[in-house]
**Student:** 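Please find one structure pasted underneath; my questions will follow.
Labels below follow one simple rule: chain letters A, B, ... track the order of the sequence lines, proteins then strands, and each chain is numbered from 1. Note that these values count all heavy atoms, side chains included, but never hydrogens, waters or copies made by symmetry. These numbers were taken from a predicted model, which means no experiment stands behind them.
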Number of protein chains: 2
Amino acid sequence: MGEMIPNWLLQRTHLTPTRTALVFNEQTWSFQELKEIVLDYAMKLSGYSISHHSRVAILMKNRPKTVFLVHALQLVGAEIVFLNSRLTASELSYQINDSETTVLFYDLDFSTTAEDLERLCADLQSCSIEDLITSAKHIVNIHSEFDLDDISSIMYTSGTTGKPKGVQQTYGNHWWSAIGSSLNLGIQENDAWLCTVPIFHISGLSILMRSVIYGIPIFLMEEFNEEYANSLLQSGKVTIMSVVTAMLNRMLTALKDESYHENFRCMLLGGGPAPLPLLEKCAKKHIPVFQSYGMTETASQIVTLSPEDSFKKLGSAGKPLFPAQIKIVRNDGKDASALETGEIALKGPNITPGYLHHDMSVCDGWFLTGDLGYLDEDGFLYVQDRRSDLIISGGENVYPAEIEAVLMAHETVYEAGVTGINDTTWGQVAYAFIVGQNVTEEELLQFCREKLASYKIPKRIIQVKELPRNAANKLVRGKLRLLIEGRN
Amino acid sequence: MGEMIPNWLLQRTHLTPTRTALVFNEQTWSFQELKEIVLDYAMKLSGYSISHHSRVAILMKNRPKTVFLVHALQLVGAEIVFLNSRLTASELSYQINDSETTVLFYDLDFSTTAEDLERLCADLQSCSIEDLITSAKHIVNIHSEFDLDDISSIMYTSGTTGKPKGVQQTYGNHWWSAIGSSLNLGIQENDAWLCTVPIFHISGLSILMRSVIYGIPIFLMEEFNEEYANSLLQSGKVTIMSVVTAMLNRMLTALKDESYHENFRCMLLGGGPAPLPLLEKCAKKHIPVFQSYGMTETASQIVTLSPEDSFKKLGSAGKPLFPAQIKIVRNDGKDASALETGEIALKGPNITPGYLHHDMSVCDGWFLTGDLGYLDEDGFLYVQDRRSDLIISGGENVYPAEIEAVLMAHETVYEAGVTGINDTTWGQVAYAFIVGQNVTEEELLQFCREKLASYKIPKRIIQVKELPRNAANKLVRGKLRLLIEGRN
């Protein structure tokens with residue numbers, strides 16, 4: 001058993017009931033109002049045989065009801081499986097079965113997917129959020145304290161094999177992540193965090209957790225809209241926002257000659273270092289960009305770069321949050337010296353205790369990320385290659401191995417290799433290269449569309465004579481992009 | 001083993017080396033400079049057979065060298081026994097023997113006491129801080145991580161029997177205390193904490209810990225001086241200060257018609273609720289007073305009252321810090337309802353794991369403080385009677401039982417009873433009542449001076465015919481003050 005601390009929403013409401021908890025379009029909820037709705041939800045959950053450690057999946061958009069349900073599920077002690085609504089039913093069914101999820105709550109927008117999932121997953125009971133709200137209320141066993149070692153959420157991420165793995169996030173992981181961030185960014189009385197990133201990703205969920213821990217409002221947006229985000233940052237109501245490069249680019253384009261309110265103090269940028277022109281544009285407009293490095297396994301950012309270091313340490317991801325540590329491990333297992341490249345290893349109480357049904361790469365308490373990088377003489381981290389040739393496209397992780405597996409399932413394809421190609425809009429997009437015969441690019445794209453979420457569909461599928469391989473005949477994904485240059 | 005996190009000073013220096021760590025008179029140290037001195041001290045400690053879990057006492061004033069030594073002792077994993085320099089050698093020797101302390105470091109101001117202590121404590125090796133500084137340096141085993149379950153410090157507090165008990169404070173206790181405070185007060189970029197309270201008390205030590213955890217400077221004062229404190233608060237350099245009522249009164253008197261800089265945002269007031277006239281004076285000068293309730297066992301404040309509630313909830317100590325909880329326990333062991341008086345019980349990760357050699361009063365994970373109080377309908381705590389009739393005089397705890405035991409050790413005294421009487425300068429002072437014969441007040445006062453620290457000496461020792469006792473013949477200290485009124 002870990003440290004026991006009061007349920008965050010209940011304690012926050014006890015301490016500061018009248019502060020604003022949530023803003024969505026023109027509607028506002030105080031912590032007191034939020035708590036009352038959440039208690040109501042919790043009593044309605046009693047009809048769905050959910051108890052401590054039950055796995056409950058949610059397939060929902062960034063809406064107030066999602067916030068209510070997340071807190072209600074925490075109150076009854078369920079482990080929440082966050083489903084990415086951009087995935088296909090086939091991809092989601094794998095996650096539901098793998099996590100032995102028994103109940104699914106969904107937005108009506110996703111009722112077709114929910115039907116498919118009930119068909120694909122034998123023991124799944126699914127219920128729309130609208131049906132939950134009209135359910136009967138019963139007395140429910142409230143968990144008024146969190147055990148920091150208890151699993152709070154599960155999010156799937158693909159690994160080196162392309163097989164998605166459920167990352168277990170404890171209450172402690174979320175707590176330490178929030179505290180580590182507060183020791184870096186501070187907590188100000190007027191703070192408010194704009195959440196336009198999906199709650200089903202750790203970037204969004206972590207904003208929900210910080211809101212109740214810090215006692216600050218979330219400004220929630222159902223879908224990212226650069227005009228509306230800009231208007232909030234100009235109003236002085238929002239002080240912090242989490243973005244990925246593609247979002248920030250769109251916001252700057254829409255912002256034109258204007259700038260943000262002086263209250264706005266932190267643009268927290270995830271998903272890799274920012275390109276220099278973007279940083280220069282932000283500096284010109286006095287937008288304080290905090291670049292960061294993190295992953296589902298670290299319950300959001302674990303390394304950040306302060307705006308004052310952005311230009312001095314161009315391309316760096318920064319230094320660890322206070323409770324965390326980084327080191328670089330060489331191929332021979334020894335610690336690397338400064339400037340020497342190796343595998344990035346992380347340590348800290350915000351790191352997942354492990355995957356569901358899969359081992360985690362841990363050595364002496366250090367989590368081996370699979371990412372390559374180095375530390376400079378001042379201890380700043382430079383990430384050189386994301387693990388398993390990870391492609392980050394518009395903030396979503398895309399794993400080459402997963403797309404390759406789908407392509408090779410097509411009868412005409414002998415070999416497939418996928419890599420990320422830089423793209424001004426999405427940061428990166430996937431390009432696939434195949435060795436095959438008697439098939440058109442469009443046929444293969446259609447085949448991918450049936451199996452993969454749209455953001456994973458390669459922008460191009462290019463037929464080549466052979467794929468670059470090393471002496472051991474292993475695919476060298478890093479050389480795939482040369483095949484495009486060779487074609488030009 | 002608890003959560004492992006990086007040594008706070010090392011991590012803070014790694015993250016923000018150039019920020020100011022310490023200001024003392026006109027001198028300033030950055031975290032980088034602080035770390036270098038601390039490493040130097042640590043290497044010099046190697047000559048004193050100090051290792052992990054060694055108990056090392058310090059008898060030192062609020063000076064930079066004390067800050068350096070505290071961090072150096074943390075680096076080598078020692079448990080620091082903080083000695084109150086106002087105690088007599090006889091009182092201190094009890095603490096040293098009880099804690100099995102093997103090494104004592106002291107300021108030259110206390111060399112006579114240190115000599116006495118070497119005589120009184122068989123296995124004690126003592127060394128002045130000046131001698132330590134000129135010691136040879138050796139390679140030393142640095143603890144680059146803290147185990148949050150490890151004991152960091154020991155501070156003595158008297159209990160109901162008047163027998164001092166060593167309170168063990170873990171790194172986790174200090175950590176959670178600092179985090180709980182930050183979630184209440186926030187952390188701002190310009191924060192700086194004025195420390196005029198003794199480092200040997202938890203009120204002072206907790207400022208040292210917050211400084212390295214938050215990355216903010218301490219403005220350290222050797223002795224409280226209202227003129228100098230006022231000048232710092234007027235300069236805009238200090239944003240937070242810890243005080244007790246007597247100090248705040250002196251500051252307000254010296255401040256006359258002036259007020260503080262707008263940067264000054266928190267006057268953290270310990271040691272019982274503030275009297276109304278004091279609050280009114282502060283409100284008039286826009287001084288934001290945060291009243292608080294805490295003790296050595298809770299590693300500083302655990303309940304605080306925000307300035308906006310000061311008048312609405314007059315006399316209240318406030319609400320718990322975020323990770324902590326309060327409840328009131330009735331005589332029959334059941335939880336009290338709102339407004340019902342009972343024993344104040346506390347829960348949270350900042351509470352000591354226990355005393356040295358003494359049991360702690362704990363029930364179902366709740367620490368029973370011995371203090372009486374109630375919660376109002378909104379959950380605000382009102383402390384009605386401090387445990388064991390505790391007298392708080394100028395911020396120091398004075399236990400009636402300890403003074404009574406000394407008085408009764410005098411051959412002429414049959415019975416003794418001690419209570420606190422309100423005093424405009426000190427908050428409270430001790431008054432003693434005795435039943436005895438053939439002795440003068442001056443003789444008894446002289447006897448007390450030999451045995452007790454000066455702040456514990458009763459202001460008056462009054463002979464009476466009999467002491468107020470209840471049916472079980474137990475002394476009723478609460479009725480002692482009536483004996484003064486009877487005399488008038």
**Student:** So which of A:Gly365, A:Ser182, A:Gly348, A:Ala324 has the largest heavy-atom pair count under 4.5 angstrom toward chain B?
**Tutor:** A:Ala324
**Student:** Given a strict heavy-atom distance threshold of 4.5 Å, which part of B:Pro320 is in contact with chain A: side chain, backbone, both, or neither?
**Tutor:** both
**Student:** Under 6.0 Å from the CD atom of B:Glu262, do we count more than 12 heavy atoms belonging to anything else shown?
**Tutor:** no
**Student:** Nearest 0.5 Å please: distance from the NZ atom of B:Lys312 over to the CZ atom of B:Phe380.
**Tutor:** 6.5 Å
**Student:** With a 4.5 angstrom heavy-atom cut-off, is it the side chain or the backbone of B:Leu15 that approaches chain A, or both, or neither?
**Tutor:** both
**Student:** Looking only at heavy atoms and a cut-off of under 4.5 Å, which of B:Met4, B:Gln325, B:Glu189, B:Gln188 has the most pairs with chain A?
**Tutor:** B:Gln325
**Student:** Heavy-atom pairs under 4.5 Å with chain B - which of A:Leu183, A:Asn184, A:Leu185 has more of them than the others?
**Tutor:** A:Leu183
**Student:** Which region of A:Asp191, side chain (C-beta onward) or backbone (N, CA, C, O), has a non-hydrogen atom less than 4.5 Å from a non-hydrogen atom of chain B, or is it both or neither?
**Tutor:** neither
**Student:** At a 4.5 Å cut-off on heavy atoms, which part of A:Trp8 comes close to chain B: side chain, backbone, both, or neither?
**Tutor:** both
**Student:** Could you tell me which portion of B:Trp176 (side chain, backbone, both or neither) has an atom closer than 4.5 angstrom to a non-hydrogen atom of chain A?
**Tutor:** side chain
**Student:** Quick one: do the B:Thr304 and B:Gln301 side chains pair a donor with an acceptor below 3.5 Å?
**Tutor:** no
**Student:** Using a distance-only test with no angle check, is there a side-chain donor-acceptor pair under 3.5 angstrom linking B:His174 and B:Ser300?
**Tutor:** no
**Student:** If we define contacts as heavy-atom pairs under 4.5 Å, which of B:Gly186, B:Pro323, B:Gly172 has the most with chain A?
**Tutor:** B:Pro323
**Student:** Side chains of A:Asn350 and A:Thr298: donor-acceptor distance under 3.5 Å anywhere?
**Tutor:** no
**Student:** Out of curiosity, A:Ser316 OG to A:Gln291 CD, how far, rounded to the nearest 0.5 Å?
**Tutor:** 7.5 Å
**Student:** Given heavy-atom pairs under 4.5 angstrom as the criterion, report whether the side chain, backbone, both or neither of B:Leu321 touches chain A.
**Tutor:** backbone
**Student:** With a 3.5 Å cut-off and no angle check, do the side chains of A:Asp378 and B:His14 form a donor-acceptor pair?
**Tutor:** no
